[in-house]
Student: 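Before anything else, here's the structure in question.
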Amino acid sequence: MGKTIAEKIIAAHLVSGDMTRGSEVALRIDQTLTQDATGTMAYLEFETMGIPRVKTELSVAYVDHNTLQCGFENPDDHRYLQTVAAKHGVWFSRPGNGICHQVHLERFGKPGKTLIGSDSHTPTGGGLGMLAFGAGGMDVAVAMGGGAYYITMPKMYKVNLTGRLRPYVTAKDVSLEILRILSVKGGVGAIIEWGGEGVKTLSVPERATITNMGAELGATTSIFPSDENTKAFLRAQGREEDYIPLSSDPDAVYDKVIDIDLSALKPMIACPHSPDNVVAVDTLSAVKVDQVCIGSCTNSSLSDLRKVAAMLKGKNIAPGVSLSVSPGSRQVLTMLANSGELTDILASGARLLECACGPCIGMGFSPNSGGVSLRTFNRNFLGRSGTKDGQVYLVSPETAAASALTGFITDPTTMEPIPAYELPERFVLDDSSVLAPLPVGEAENAQVLRGPNIKEFPKSKPFADVLSAKLVLKVGDNITTDHIMPAGAKILPYRSNIPYLSKFCFEVCDLAFPERALQAGDGIIVGGSNYGQGSSREHAALVPMYLGIRCVVAKSFARIHAANLINAGILPLTFQNPDDYDVLSQDDSLMIENIKDGMAKGQLILKASGREIKLSCDLTDRQQKILLAGGLLNFTKEDGQ
Ligand code: MIC
Ligand code: SF4
């Protein structure tokens with residue numbers, strides 16, 4: 001039987017398991033990346049493992065999220081990351097050098113390799129033909145130490161592309177169209193492979209926009225073939241030797257095939273507050289815009305910003321609009337500056353922000369009260385922008401630029417044409433902001449510098465056979481990690497201070513939750529379907545664990561969050577009959593007995609006010625052991641792995 005691209009890479013990296021869909025496989029990981037908001041925790045975890053030097057081919061620590069320095073917290077964390085990276089064999093990308101996914105694509109990604117990153121948009125690397133996964137910090141720490149990465153062998157979906165995008169219709173519109181078709185749950189448990197004749201019309205940066213937003217589908221990852229366009233991109237980045245061709249076999253078997261005719265697409269827009277709330281841009285043309293933000297790991301490549309510069313050249317943005325532009329990397333910014341296109345952007349009235357995540361994670365540039373903000377980003381979850389009643393829409397850079405000029409949501413195909421973008425023969429290559437780790441001899445005695453904001457890692461408890469707990473919070477469908485553990489400029493600096501962070505847990509849903517959970521002792525959260533979608537932040541598991549949460553019972557879970565819950569020692573359980581969700585209420589006293597036996601059998605009974613509710617407990621042997629040990633760190637210590 002023929003293989004898909006992902007199956008070929010998995011087969012070449014298989015450490016254990018069999019590749020039947022639905023069973024667990026362990027993969028050897030070639031590369032890892034971390035960013036600062038999840039990285040401090042990941043390196044603290046790595047340090048507790050006592051391994052002197054990373055065992056991967058390449059590991060990189062980026063600083064791109066917490067770049068505002070409004071006090072000692074962030075700069076202390078940057079210094080910690082720089083020194084811990086240097087000591088343990090990890091490359092360090094300095095703050096200002098760019099967004100991890102953009103820089104990794106430009107300088108380090110390689111077709112055919114495996115990558116895990118402590119950020120859910122790590123699948124951006126799939127644009128280069130890498131098998132790249134978002135993961136929790138603990139999983140990345142284990143991979144840095146040479147341990148395998150465990151996933152459930154996914155289903156394989158294929159998106160078959162035909163035709164060619166019309167001018168002003170973009171890769172972002174492809175991403176929004178697939179979200180419209182599949183929804184934020186549609187990719188759960190699947191790897192999405194992009195294929196068909198239309199693939200050769202898309203450059204690597206365009207492919208990377210599409211694999212980046214596969215995260216919003218809940219997909220395990222997304223991947224493109226590696227072909228002549230991949231080779232041209234790598235050549236222009238001065239690393240043609242990293243190229244290998246990769247394609248699926250003609251008789252590869254897919255569980256689902258979706259056809260998209262690129263020629264038939266229109267500019268699309270995701271409305272508040274979910275990336276799958278998608279309609280065509282031309283249906284919203286009367287909506288007045290307050291703010292436009294161009295950037296993020298989805299849309300901050302040179303090609304994106306060149307097109308924006310061409311549209312803005314010689315024009316002024318509408319007086320009622322505030323426009324920000326954050327280039328994805330120093331390479332992009334330098335090339336825009338050298339060509340004079342940066343001047344075209346600035347002369348239009350745009351504000352230039354740092355090469356970092358910035359407004360995407362609420363690090364400044366929040367919209368005004370109730371403001372309409374058009375963003376080229378990938379997430380528009382409630383409150384993520386920093387303004388709770390902000391109305392955030394997701395669009396392509398072209399729709400963003402057109403709307404900034406007119407002051408209303410504007411279909412860019414109504415604007416005057418701009419020249420087609422050509423990949424440069426050679427990008428500007430300057431890696432001086434990526435610092436090499438110390439050589440082995442020097443590393444041993446190097447000091448790691450920690451600031452006072454780094455607090456002790458919370459301790460999780462092993463499971464006894466009976467759990468009596470209070471139902472401390474009941475929430476609905478599609479709860480994101482931004483609901484569970486919000487980010488933003490005020491809270492992000494405390495990512496290595498779990499006790500402080502805990503005060504903000506579920507802030508968007510229920511301000512009283514942290515206090516109630518602490519008072520209850522052992523607690524259980526009840527959720528709807530797709531619980532924990534979005535970010536890979538393990539804080540969305542570590543903080544509830546700190547607040548005493550022992551189980552989350554939901555209709556279904558997002559993949560990375562379920563793995564993070566298990567790593568933190570919290571039991572994820574699903575309703576066998578989704579209607580049972582309705583009979584549970586906040587403050588119910590709940591009981592689960594025979595936990596060990598039930599875990600092994602895959603079924604546990606939840607006792608709630610005289611009723612018995614059947615819950616599924618879909619755990620591999622390894623996951624059961626992790627939970628019984630009280631989380632991955634305890635398990636790793638006990639197991640000596
Ligand atoms: C995000 O886009 O939500 C983040 C911030 O990049 C997160 C990581 C984090 O919470 O630090 C992600 O996508 O995993
Ligand atoms: Fe940064 Fe936003 Fe990308 Fe997350 S989605 S990595 S916050 S740019």
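We count ligands from 1, going down the list as the structure has it; atoms in each ligand are counted the same way.
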Student: Using the side chain to side chain donor-acceptor pair (under 3.5 Å) rule, pick out the option among K113, H13, K110 that qualifies with D30.
Tutor: H13

Student: For residues H88 and F46, establish whether the separation of their ring centroids is below 6.0 Å.
Tutor: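 Judged by ring-centre distance (under 6.0 Å), H88 and F46 do meet the cut-off.
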
Student: Compile the donor-acceptor pairs under 3.5 Å between side chains in residues 124-143 and protein atoms, sequence neighbours left out, one pair per line.
Tutor:
residue	atom	partner	partner atom	Å
T124	OG1	H121	O	2.4
T124	OG1	N212	ND2	3.2
D139	OD1	N567	ND2	3.2
D139	OD2	N567	ND2	3.2

Student: Go through the side-chain N and O atoms of N299 and K172 and say whether any donor and acceptor fall under 3.5 Å apart.
Tutor: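 Note: N299 and K172 side chains meet the donor-acceptor criterion.
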
Student: Heavy-atom contacts with S536 under 4.0 Å: which atoms of ligand 1 show up? List them by number with element.
Tutor: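 Those atoms are 12 (C), 14 (O).
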
Student: Looking just at side-chain N and O atoms, do N378 and T298 make a donor-acceptor pair shorter than 3.5 Å?
Tutor: yes

Student: Which ligand 1 atoms, with their elements, are less than 4.0 angstrom from a heavy-atom of H65?
Tutor: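 Near H65, meaning under 4.0 Å from one of its heavy atoms, ligand 1 has 4 (C), 5 (C), 6 (O).
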
Student: Give me the residue, atom name and distance of the protein heavy atom closest to atom 6 (O) of ligand 1.
Tutor: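 Ranking protein heavy atoms by distance from atom 6 (O) of ligand 1, first comes D119 OD2, 2.6 Å.
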
Student: Which is it for R495 and ligand 1 at heavy atoms under 4.0 Å: side chain, backbone, both or neither?
Tutor: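 For R495, only side-chain atoms sit under 4.0 Å from ligand 1.
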
Student: Within a radius below 2.8 Å of atom 1 (Fe) of ligand 2, how many protein N, O or S atoms are present?
Tutor: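 For atom 1 (Fe) of ligand 2, the figure is 1.
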
Student: Look at atom 10 (O) of ligand 1 and say which protein heavy atom is nearest, naming residue and atom and giving the distance to 0.1 Å.
Tutor: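 Of every protein heavy atom, R537 NE, 2.6 Å lies nearest to atom 10 (O) of ligand 1.
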
Student: How far apart are the C-alpha atoms of H483 and F381, what are their side-chain angles, what is the distance that settles it, and do they pass the ring-ring contact (aromatic ring centres under 6.0 Å, His included) test?
Tutor: CA-CA 8 Å; H483 291 98; F381 302 143; 7.2 Å; no

Student: So is R384 touching ligand 1 or not, going by heavy atoms under 4.0 Å?
Tutor: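 Distance cut 4.0 Å: R384 passes for ligand 1.
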
Student: Kindly check if the number of other-residue, nucleotide or ligand heavy atoms within 6.0 Å of CZ (R79) is above 12?
Tutor: yes

Student: Check each of G39, S535, A540, C297 against atom 7 (C) of ligand 1 and report the one with the nearest heavy atom.
Tutor: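 The option holding the nearest heavy atom is S535.
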
Student: How does M41 reach ligand 1, by side chain, by backbone, by both or by neither, if only non-hydrogen atoms under 4.0 Å count?
Tutor: neither

Student: Side chain, backbone, both or neither: which part of I361 has a heavy atom under 4.0 Å from ligand 1?
Tutor: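 I361 to ligand 1: side-chain contact only, backbone stays beyond 4.0 Å.
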
Student: Pairing donors with acceptors under 3.5 angstrom, does anything connect the side chains of Q237 and Q331?
Tutor: yes

Student: Considering the heavy atoms of A37, write down every atom of ligand 1 situated less than 4.0 Å from one of them.
Tutor: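 Answer, ordered by atom number: 11 (O).
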
Student: Mark up the atoms of ligand 2 that fall under 4.0 Å of a heavy atom belonging to N378, in ascending order.
Tutor: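 Once the distances to N378 are compared, the set is 5 (S).
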
Student: Please step through salt bridge (charged side-chain N to carboxylate O under 4.0 Å, His left out) for the pair D482 and R537, ending with a clear verdict.
Tutor: CA-CA 9 Å; D482 278 285; R537 61 189 73 148; 3.2 Å; yes

Student: Once the angle between the rings of F513 and F506 is folded into 0 to 90°, is it parallel (under 30°), tilted (30 to 60°) or perpendicular (over 60°)?
Tutor: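 Answer is perpendicular, since the angle exceeds 60°.
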
Student: Can you report which non-hydrogen protein atom sits closest to atom 8 (C) of ligand 1, along with the distance?
Tutor: Q35 NE2, 3.1 Å

Student: Which residue supplies the protein heavy atom nearest to atom 13 (O) of ligand 1, what is that atom called, and how far is it?
Tutor: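 Scanning the protein heavy atoms, the shortest distance from atom 13 (O) of ligand 1 goes to S120 OG, 2.5 Å.
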
Student: Does some side-chain heavy atom of S329 sit less than 4.5 Å from a side-chain heavy atom of C355?
Tutor: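 Not in contact.
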
Student: Would you mind listing which atoms of ligand 1 come within a distance below 4.0 Å of any non-hydrogen atom of T38?
Tutor: 9 (C), 11 (O)

Student: Do NZ/NE/NH1/NH2 and the carboxylate oxygens of E47 and R450 come within less than 4.0 Å?
Tutor: yes

Student: Under 30°, 30 to 60°, or over 60°: which ring-plane class applies to Y494 and Y500, parallel, tilted or perpendicular?
Tutor: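 The arrangement is tilted - the two ring planes meet at 30° to 60°.
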
